[in-house]
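Below is one structure, written out as structure tokens; comments come after it.
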Amino acid sequence: MCAIQGNRGVVYTGPGKVEVQSIAFPELSLGNRACHHGVILKVVSTNICGSDQHMVRGRTTAPSGLVLGHEITGQIIECGRDVEFLKVGDIVSVPFNIACGRCRNCKEGKTGICLNVNPARPGAAYGYVDMGGWVGGQSEYVMVPYADFNLLKFPDPNQALEKIRDLTLLSDIFPTGFHGCVTAGVGPGSTVYIAGAGPVGLAAAASAQLLGAACVIVGDMNPERLAQARSFGCESIDLREDGSMEDKIEAILGEREVDAFVDCVGFEAHACGCNHGKEAPATVLNSAMQLTRAGGQIGIPGLYVTEDPGAADEAAKQGALSMRFGLGWAKSHSFHTGQCPVMKYHRPLMQAILFDKVQIAKAVNVQVISLDQAVQGYADFDGGVAKKFVIDPHGMVAA
Ligand SMILES: NC(=O)c1ccc[n+]([C@@H]2O[C@H](COP(=O)([O-])OP(=O)(O)OC[C@H]3O[C@@H](n4cnc5c(N)ncnc54)[C@H](O)[C@@H]3O)[C@@H](O)[C@H]2O)c1
Ligand SMILES: [Zn+2]
Ligand SMILES: [Zn+2]
């Protein structure tokens, strides 16, 4: 047993509200039984995600009292009896998906839809509504089960702390943006449209460049976020402006469609042009079918929900959207949805960071804050330039 007993974390207390509260120190247990395959981590860094904002905006059925946080990097302070290949002192990246490593889907590499970690549906995550009730890691300490299977150990702890602003993004948005591009078929010479210039969109744009895209166009209605995308070589489209999307794409590419389309917005999408203040949940999916070449692929990391209590109409409250699906069918599009299976990508993307092949923290504008600044971080998330807030609970990063 560990000598430390105190712990604090970011807790969702109702729509629009988060608080830093004292929470239980994690134990190596799953309900009533011991979790011998788990570890306890001292959290080195833990990021605020656009996905957390869906809950905090009251757009999900998240229960009050949920400890938030699914993007975790930590140092192991205690190992369960059956952890064989990790040890106390290792610094590790935690994939946001919790995966047993034993079920049919895990064996096929589909760790985002593990069958054994969430009684309600396939797939689980730390600190997230409908994702199994696991305690989140926007906290000082957290428990991670199935440690050997889930965790990515950084080769050198000192080097890891030096590059932590980049490595912290391996728990979610870098693999997620990369997966969006891979499933959209991005490769050398591709033309790519990324919908959304939030942290996931910016990570997808940097990923498209890493994959060799010829031209990456990012669309959003937030001018500061578009400027951030241009700062590392992307083209941009300001969706507040009226006019057809095809014309805007043609002005950049000389043709009216792209090879690959990545939706980094999800169900809280806004309409384009003069209606950009209004929500239109199917707008990005409809643009995807309109703007992607026949035979092209559409990556959809943006989140779509089965229940949206804050939706404008009854159908959208059940997650039913008004899509022109016939257009996608006629153009033989393929659509790739779901949680990113982080483990498919985190090791090669770690190597790309360690060997300076990508500047992902710069691309997504990482800002390091303390645990006590987390409440302000949630409040500031949406305004102005995209910031990827990284919480540093023990002052291990900021120095
Ligand atoms: N699939 C996964 O594994 C996974 C992982 C992480 C995040 N996500 C999801 O990815 C999405 C993006 O995350 P984020 O952190 O970047 O969120 P974010 O809220 O910061 O960014 C969304 C951006 O989309 C813009 N936007 C709204 N309507 C638009 C439209 N019609 N066209 C283009 N841009 C539009 C907004 O202005 C905003 O800048 C969220 O839905 C999040 O839940 C999914
Ligand atoms: Zn996330
Ligand atoms: Zn599994």
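Just follow the structure's listing: the first ligand is 1, and inside any ligand the first atom is 1.
- Using a 4.0 Å cut-off between charged side-chain N and carboxylate O, Arg293 and Asp259 make a salt bridge.
- The contact set between ligand 1 and Leu239, taken as ligand atoms under 4.0 Å from a residue heavy atom, comprises 30 (C), 32 (N), 33 (C).
- The residues Asp380 and Lys387 are annotated as not salt-bridged, no charged nitrogen and carboxylate oxygen being separated by less than 4.0 angstrom.
- Of the possible polar contacts, one joining the Gln209 side chain to the Phe232 backbone as a donor-acceptor pair under 3.5 Å is found.
- Under 4.0 Å from ligand 1, the heavy atoms of Cys264 that appear belong solely to its backbone.
- Taking every heavy atom of Gly196 and a limit of under 4.0 angstrom, the matching atoms of ligand 1 come to 24 (O), 33 (C), 34 (N).
- Draw a line from the Zn ion (ligand 2) to NE2 of His70 and another to OE2 of Glu71, and the angle between them is 120° (to 10°).
- If you look at His54 next to ligand 1, the close heavy atoms, those under 4.0 Å, all belong to the side chain.
- Judged purely by atom type and a 3.5 angstrom limit, His270 uses its side chain to pair as donor or acceptor with the backbone of His276.
- Contacts between Thr283 and ligand 1 below 4.0 angstrom, taking non-hydrogen atoms only, involve the side chain exclusively.
- Using a 4.0 Å cut-off between heavy atoms, Asp172 contacts ligand 1 through its side chain alone, with no backbone atom that close.
- For ligand 1, the polar-atom distance check finds no N/O of Gly266 at less than 3.5 Å from any of the ligand's N/O atoms.
- One finds an angle of 130° at the Zn ion (ligand 2) between OD2 on Asp172 and SG on Cys49, to the nearest 10 degrees.
- In terms of polar-atom proximity, His270 is counted as a contact of ligand 1, with an N or O under 3.5 Å from an N or O of the ligand.
- For atom 10 (O) of ligand 1, the nearest protein heavy atom (residue, atom name, distance) is Gly302 CA, 3.8 Å.
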Applying side-chain hydrogen bond (donor to acceptor under 3.5 Å, both in side chains), run through Tyr378 and Gln373 and close with a yes or a no.
CA-CA 9 Å; Tyr378 271 87; Gln373 291 168 316; over 6 Å; no
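- Applying the 4.0 Å criterion to heavy atoms of Gly219 picks out, from ligand 1, the atoms 33 (C), 34 (N).
- If you look at Val284 next to ligand 1, the close heavy atoms, those under 4.0 Å, all belong to the side chain.
- Using a 4.0 Å cut-off between a side-chain N of Lys or Arg and a carboxylate O of Asp or Glu, Asp308 and Arg59 qualify as a salt bridge.
- Classification of Arg256 and Asp247 as a salt-bridged pair holds, one side-chain N sitting under 4.0 Å from a carboxylate O.
- Between Lys42 and Glu140 there is no salt bridge, since no side-chain nitrogen of the basic residue lies less than 4.0 Å from a carboxylate oxygen of the acidic one.
- Note on ring orientation: taking the six-membered ring where Trp is involved, the planes of Phe261 and Tyr193 are tilted (angle from 30° to 60°).
- For atom 19 (O) of ligand 1, the nearest non-hydrogen atom of the protein is Arg57 NH2, 4.0 Å.
- Using a 4.0 Å heavy-atom cutoff, Gly180 is absent from the residues neighbouring ligand 1.
- When non-hydrogen atoms are compared, ligand 1 lies under 4.0 Å from the side chain of Phe381 (C-beta onward) but not from its backbone.
- Between Cys49 and ligand 1, not a single N/O pair is under 3.5 Å apart.
- With values rounded to the nearest 0.5 angstrom, Leu152 atom CG is found 15.5 Å from Tyr345 atom OH.
- Between the His54 side chain and the Ser51 main chain, no donor and acceptor come within less than 3.5 Å of each other.
- The contact set between ligand 1 and Cys340, taken as ligand atoms under 4.0 Å from a residue heavy atom, comprises 1 (N), 2 (C), 3 (O).
- The nearest protein atom to atom 8 (N) of ligand 1, hydrogens excluded, is given as Ser51 OG, 3.5 Å; this is a heavy-atom distance.
- Among the backbone and side-chain atoms of Asp52, no N/O/S atom is found under 2.8 Å from the Zn ion (ligand 2).
- For atom 17 (O) of ligand 1, the closest heavy atom belonging to the protein is Gly50 CA, 3.7 Å.
- In this comparison of Gln53, Arg225, Glu71, the heavy atom closest to atom 20 (O) of ligand 1 sits on Arg225.
- Salt bridge annotation for Lys87-Asp90: present, with a cationic side-chain nitrogen under 4.0 angstrom from a carboxylate oxygen.
- Panel note: side chain Gln228, backbone Ala363; a donor-acceptor pair is recorded below 3.5 Å.
- Using a cutoff of 4.0 Å between basic side-chain nitrogens and carboxylate oxygens, Glu257 and Lys331 are scored as salt-bridged.
- Near Gly338, meaning under 4.0 Å from one of its heavy atoms, ligand 1 places the atoms 1 (N).
- Looking from atom 29 (C) of ligand 1 to the surrounding protein, the closest heavy atom is Met221 SD, 3.5 Å.
- Of the heavy atoms in Glu268, none comes closer than 4.0 Å to ligand 1.
- The Ala269 neighbourhood of ligand 1 comprises atoms 28 (N), with distances under 4.0 Å to a heavy atom of that residue.
- Side-chain contact, Asn7 with Ser22: no donor N or O sits under 3.5 Å from an acceptor N or O.
- With the Zn ion (ligand 3) as the vertex, SG of Cys106 and SG of Cys103 span 110° to the nearest 10°.
- At a 4.0 Å cut-off, at least one heavy atom of Phe96 sits close enough to ligand 1 to count as contact.
- Comparing Ile194, Asp220, Ile173, Val200 against atom 37 (O) of ligand 1, the shortest heavy-atom distance belongs to Asp220.
- Note: His70 and Tyr128 have perpendicular aromatic rings, judged against thresholds of 30 and 60 degrees for the angle between ring planes.
- In this structure, the protein non-hydrogen atom closest to atom 44 (C) of ligand 1 is Pro301 O, 2.9 Å.
- Lys248 has no carboxylate O lying under 4.0 Å from a charged side-chain N of Glu241, or vice versa, which leaves the two without a salt bridge.
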